[in-house]
Each structure stands twice: as C-alpha cells, then as structure tokens.
There are 4 protein chains.
Amino acid sequence: MTVKRKGPKYDKIIDAAVSVIAEHGYHQSQISKIAREAGVADGTIYLYFKNKEDLLISLFQEKMGHFIDTTKNEIEQKHSVEDKLLTLIEMHFKQLSVDHELAIVTQLELRQTNRALRAKIGEVLMRYLDLVDEIIINGIDQKVFHPDIDIRIVRQMIFGTIDETTTSWVMNDHRYDLTALAQSVHDLLINGFRYRPS
Amino acid sequence: MTVKRKGPKYDKIIDAAVSVIAEHGYHQSQISKIAREAGVADGTIYLYFKNKEDLLISLFQEKMGHFIDTTKNEIEQKHSVEDKLLTLIEMHFKQLSVDHELAIVTQLELRQTNRALRAKIGEVLMRYLDLVDEIIINGIDQKVFHPDIDIRIVRQMIFGTIDETTTSWVMNDHRYDLTALAQSVHDLLINGFRYRPS
Amino acid sequence: MTVKRKGPKYDKIIDAAVSVIAEHGYHQSQISKIAREAGVADGTIYLYFKNKEDLLISLFQEKMGHFIDTTKNEIEQKHSVEDKLLTLIEMHFKQLSVDHELAIVTQLELRQTNRALRAKIGEVLMRYLDLVDEIIINGIDQKVFHPDIDIRIVRQMIFGTIDETTTSWVMNDHRYDLTALAQSVHDLLINGFRYRPS
Amino acid sequence: MTVKRKGPKYDKIIDAAVSVIAEHGYHQSQISKIAREAGVADGTIYLYFKNKEDLLISLFQEKMGHFIDTTKNEIEQKHSVEDKLLTLIEMHFKQLSVDHELAIVTQLELRQTNRALRAKIGEVLMRYLDLVDEIIINGIDQKVFHPDIDIRIVRQMIFGTIDETTTSWVMNDHRYDLTALAQSVHDLLINGFRYRPS
DNA sequence: GATGAATGAGCGTTCATTCAT
DNA sequence: TATGAATGAACGCTCATTCAT
C-alpha cells in the first residue's frame, strides 16, 4: 500500500515532528508523541509516511529543500561573486535564526541517526554543496578567487565554517545574534586571517 | 559501588569498543558484542565502567586525550605561529590517518549519540579548542594574524574546516591521502581564497 | 444496524475473498485487499457483512451450502447405497477439482481461524455429516453395511478419509487427478484393505 | 546470537506454552502470557528460542517427536501386522487421552498457524506417516493386506480416520473414552463396513 | 447507498543492567 | 575478580472498524 505524500495533515505531522524532536531530542521522539503533537492518531502517520525513517527523511527533504530553494533564489539575484557568497552565508544564518526548532533539529538531533538515514540526508545536502561549488567556480572564472585553489577543500572550508558556526550558536542556546556574524565569516573566508598592514 | 578505571582489561574493553563501533556502527554495538570482542563477560564491563555511556565517554576521553597531548607537544616544538597552525592541522590529519577505526568512530559514529553524551564529548573537545585559541592569540600578538579578527569565529573556522575535511575523507572511505591536504588547508585558512595577482 | 445479505456486491465480495485468501493466504487477506479485489470501498463491506468473521462465515455458508445442495441432489438420483456413497465421494472430489481456489480456501486457509469461527464452520459441516449419516443408516437398513457398526466412527472414517485425501491433493498443488481416486477410496472404505483370496 | 536449546527452563517454557495455548487459544497466547505461566521474564524466552515461531515449532517437535518415538517402539514389539496397526491406533488415542492439553494444542490450535509454520509441522508429521507406510507395506508383503491397494490412499485413510476421530473427541470436550474406540476403528479400517453374512 | 480517511488497541522483540555463584 | 543467565521496560507498526460526507 502506497502512502499519500500531501494534504494538510502531511505538513502538520512534519511540523509536529520538528517540534517534538527539538524539545525532547531525537531518541525521545516516539511516533506516539509526534502523533499527539500533530493531533492525529498514531496510525494516521502511516497513511502519509511509509515508516518512521521515511517521516524523518521527508522532514529533512521538505525543510532543507525549501531552505536550499530560497537560498538559491537569493543568490541568483546577486551579480558579484562576493555578494553571492555573502548571501549564501546570510541566508543560512537567517533561515535558521528565525526557526530555532529547525536549527536544533538539523544541527543536532538529525545527526544522531543511523547510517541509512544519514545517507539519505547526504543526498539532500548534495544540492546545497552544488550551490557552493557553483559560487567557487564562478569566483575562479571571474578571477576573484585564486585559480589554483582546490575546489573540494574550499567547499569543505566554506561549509565546515558555516556549519560549525551555526552548531556553536545552537549549542549556546541561540544566545547571540547569528546573522550579525555573516559579514565577518565572509571576509575571513575570502581573505583569511593573515595580517596585511598596508 | 565505584568502578576501577585501570588495569589491562580497561584498555582492552575500550579498544574492543572502538573496533566494534567502527565495524558495526554505533547502534549495532551492544555491550555483549563489545564484551565478546574484548574477551570478557558482559558483567565485567560494569566493573570498569559505570554504564554504557560512561564507557563511550571514557573511550573519547582516552583517545582524544592522547590525541590532544600529542598534538600539543608537537606544536610546542614549533616557534612560528604559521608552523604551529600547520602542525595542528598535520597532526590532526596524521593521527586519524593512521587509525582508520578511530577516525570512523570519532567522525561518524560517536556523533549519533544523545544530548548528554555529546555534552560530555564537548567538554573533552574544549581542551582542543583551547589549543586552537592559544595559536590564534599568539598569532595576533605576533602580528601575524589581523588584530581585529573575532577569535571565536576564527576558532570555528579552523575547527570547522579541519573537521569537515576529515569527515569527508572518512565518508569517502579514506580513499585519498588526507595528510597531503594539510598545507593547502593551512594556506587557505590564513590567506583566504581571494586572488591577489602581484 | 443490520446488514444486507444480498445484491450483486454481496456475491462479488465473497468471490473476491475467496480469490484473495487463495492467493495470499488467510493471514494476508486484509479487508482492504478484499475490498480492492471486489472493486468496492472498505466501508462497503460493512454494509453487507457485520464484520470480518461474518464475511468468512458467510463465505463458507454460501460455498458449502451450494456444495452440499448439489451433492445431496446427485445422491438422491442414485438408488443403491453403494452408488450413493460413491456419488458422495465423486461429488466432493469433482467440485473441489473444478475450483482450485475454493479448495485451497476450505482445505487449508479457513482452518487457521479462531475457535469461534471454527464453531460456526462446524455448524455448516453438520449438514454435510447428516448426509453421510443418512447413507450409513440407509446402508445398514438395506443390509449392505454391517448392522453392528458404530455410525459415529464410520462417519468420521468416511469424512476423515475424504478430507485427508483432498487436503493432500491441495498440498501437492493439485498435481494429480483427484476424481480418479474416487472409486478406490469408495472400495477401500466399504471393503477395507484386508486381503481375501477367494 | 545463537540460542540454548536445553536446560530446565527450556522444558518449562514449552510446557507453559502448551498450557496457555490449550486454555486461551492460539491467537490469545502472547509471549508475555507464556512467560508468566513459565515463571520467567519475557526476555528469557528469547534465550532459548529464536522467536515465537521457533518456540511453537520446537513445541511440536518435542511433543510429537516423543509421541512418534513411543509409538514406534510399541509397534516394534508386535509381530503381526494387525497388531501393529491396532497398536498405532491405540497409542495415538492413549497418548492424547492422557494429555488433554496436548490434544487440544495439536488437534485444534496449532492448525491455525501460517503456511511457514505448518510446513515445519508437516516435516515432523512425515515421520509419523512413514510409520504408517511401513505397516502398510509390511501388510502387503505378508499377504494380510490386498496386494493391489494404493499405499497413498490407504495411508490417507488411516491417518484421516484417526485424526478425524481424535479431533471430534477433542471438540466434544473429551467427554467419552477415546481409547475404547481403537478396536472398532481398527476393524473398520481393515474390513470396511460392508455386511458379509456368512 | 457508497466512500475512504481516520482511528487506536495490541504485541513481538531488544538489550543495558543486575546479581547469585 | 569475574561470570553470564536472567530481567523487564519500551516502541514501531498493523489493520478491523467507524462515520462524516
């Protein structure tokens, strides 16, 4: 029996899952708890998702899919590579800043999953990393970035820095303004932290 | 009832845990499997560790403790800040390159744990981050690093980049030589990826 | 709320149940699967049957009722007791031979049901056993069967033999011609298997 | 992880399963109920059996294995084929008469199982049917049974009759003495019910 | 009449931990 | 010290049945 992948309850269940996982942690987020939060019966979840893993994957796909689409859109509005990179960072920080629950779920909780689930999550992330790669290649072409840089390493540097910055912010209970750091992160990535007295 | 924190079996159990987790994954690493690998009875593990979480924390403390001590030692041998940073990166890559099992466990498997465990892991990491901070401050003092940089961000940039680079390498089944990347990573961190034609 | 016990959908649902049970087995024959096969909605089944058990009982009553009526009719055409018994066996074998699905359902699948259901099935079978009893009494009266035989045991012998023969045939995937065995079964029942050289 | 297939608890659990199934029926015999009856924890059952199906198969193998061995032994004591057949019937009736619970379980409850389980049960029964075949062949050789009989049909006649007789006795709540019927069943099988006035 | 989305009770199995030996 | 048999709480998932439309 196949499952319905849309309808108001589909979204309601995914949002409930985000809330429950953010509040109780991944391992304390039983189907019954999510169902209760969504205001549906346990069995109803199985009308929309094949199983619990499918729900979590769908959650990530829906939320990150939207996240990536929005980011991509904004980046395309910018013309200079520097603006594009700044926008990538800003959008990342902004979108997680306005949704603390989602930030907790993506930065902390969804990482404690088994290999199979993480593989699926990796597939979704691929699209994000492609976005990063595009900017890097663009930067090289426009002679803004050094022609000899290793794209893979630069990608890991950009993503690793953004991700670590975000995770630290989440682990510090979102105590400071994450978006305010975007410009600094951007400048450090592009210029490094070497002192170059003029 | 307190537990013994040393003796030959203490180490044997920790090493068995690393092996089992690397091979079977965190969620398939039951106490009984670890005990069998270590050549002891299930109950014996509880003579040396308070519970499973304590075993995992101890594992991380022992392995990372040694990892950090060695790194610290090497860094102290270096005089220039640039050499210190390069050494930090090199040691990180080198130590995980020679122990694939440990790399899998620290980069992938031990991250799928609950909040409490990750908090403890964070405490151990603190010592590592202090090491990073020391280098940064040193760099600023010696006017090698820009005086206005935000130490916290730079720390997250360094750690985030190294960590992401290592994780990617592990997820690609250690297919390439990680240590060969140290110099590039180091240069990119310090100089950024901007093109500066002379 | 009472249910309708007739209409085209009533028969359609029963036939669908036979098909589904024969193909997927009793425990894999969910109401939704039967409804799909019958081309009706799940809820529609409950307009014609009180519940799943009622559907199964009705199935047995309809199919076996017809089975018994036909058998009874044929037997009445015969005059000698020996012919009547032979006809009973032949009709049993013939009717299940032409409907493999029904054979599977009555010989194998419908037996894996709970006590309550089997009690109901037993009631239907009663009419069949009465038919057998009639032949036996007839045989005794006509001095064809021994006057001292225990009717109950002979009935169980006749039914047990026919039933076991049929079940074996079904379990062997209807690989041989069941009807061809009727005469032998008949002779063995009446004469036993003792060797009586003349 | 493999399971222990013996020890006092192994037998205790099997006996508890027989009791619970006899009393509550197959579908109402949850593992927790069987464990409670056996005086062990639910998890203990899984130290001795792979899963619930394995427990039921083991139950059948243990009980029927013993049943068949005993029957075989007794038959070998007899010399004439007629005595052997009578002994087969007597032993069947006697062994189920002294253990009403086992009779209920084998005649009624264990038949409501899925195909996989019944296949395993069939394998055990094979040994019993081999015993029957042996007697039949012996009877033909010794010219006690008619040389032209179809062994397969006779086997089904013998087993079908014994089985149906026993099942009827169980369904009538063991209200009469089953063993008293052995001689009649035996005579009817061998001689049939035809009247042969001398 | 007919639909089919929604319900929610029920259960086999795992595994960290204990404790008698 | 060391053992390993025994424990029992916890949970994802199924499916017969209902009822608003």
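These figures come from a predicted structure and were not determined experimentally. Chain letters run A, B, ... following the sequence lines, proteins first and then strands; every chain starts at 1.
- Look at CZ on Arg36(B): it is 14 Å from P on dT3(F), rounded to the nearest Å.
- Of all non-hydrogen atoms in Tyr10(D) and Glu62(D), the two that sit nearest each other are OH-OE2, 3.0 Å.
- Side-chain atoms of Ala41(A) lie closest to dT7(E) of the nucleotides dT3(E), dT7(E), dT7(F).
- Inter-residue side-chain proximity for Lys50(D) and Ile57(D) is flagged as unmet; no heavy-atom pair is nearer than 4.5 Å.
- To the nearest angstrom, C1' of dA6(E) lies 15 Å from CZ of Phe49(A).
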Pairwise N/O distances under 3.5 Å, protein to nucleotides 15-18 of chain E:
unit_1	atom_1	unit_2	atom_2	d
dC15(E)	OP1	Gln30(B)	NE2	3.1
dC15(E)	OP2	Gln30(B)	NE2	3.2
dA16(E)	OP1	Lys52(B)	NZ	2.8
dA16(E)	OP2	Ile31(B)	N	2.9
dT17(E)	OP2	Tyr46(B)	OH	2.9
dT17(E)	OP2	Lys52(B)	N	2.9

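- Between Ile14(B) and Lys63(B) there is a side-chain heavy-atom pair separated by less than 4.5 Å.
- Going from atom CG of Asp54(A) over to atom C1' of dC13(F) covers 14 Å, rounded to whole Å.
- Counting heavy-atom neighbours within 6.0 Å of Lys52(A) NZ, excluding the residue itself, gives a total above 12.
- Atom pair Tyr26(C):OH and dA16(F):C1' shows a separation of 11 Å (rounding to whole Å applied).
- Side-chain contact between Tyr48(C) and Lys6(C) is absent, with no heavy-atom pair separated by less than 4.5 Å.
- Using a 4.5 Å heavy-atom cutoff, the side chains of Val40(B) and Leu47(B) are not in contact.
- When Thr167(B), Asp99(B), Leu96(B) are each tested for a side chain to side chain contact (heavy atoms under 4.5 Å, CB included) with Thr106(B), only one passes: Leu96(B).
- Distance NZ (Lys33(A)) to P (dG12(F)): 10 Å, rounded to an integer number of Å.
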- Item | Secondary-structure string, 5' to 3', Watson-Crick or G-U under 3.5 Å, | for another-strand partners, for DNA chain F | .||||||||||||||||||||

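- At distances below 3.5 Å, at least one donor-acceptor pair connects side-chain atoms of Lys33(B) with backbone N or O atoms of Gln28(B).
- No side-chain heavy atom of Asp15(C) sits less than 4.5 Å from a side-chain heavy atom of Glu101(C).
- Ile45(D) has its CD1 atom 12 Å from the C1' atom of dG8(F), to the nearest Å.
- Protein atom CG of Leu47(A) is 11 Å distant from nucleotide atom P of dT14(F), rounded to whole Å.
- Across all strands, Tyr48(D) comes closer than 4.0 Å only to sugar-phosphate atoms, never to a base (heavy-atom distances).
- In this entry the distance linking NZ of Lys12(A) with C1' of dA5(E) reads 13 Å, nearest Å.
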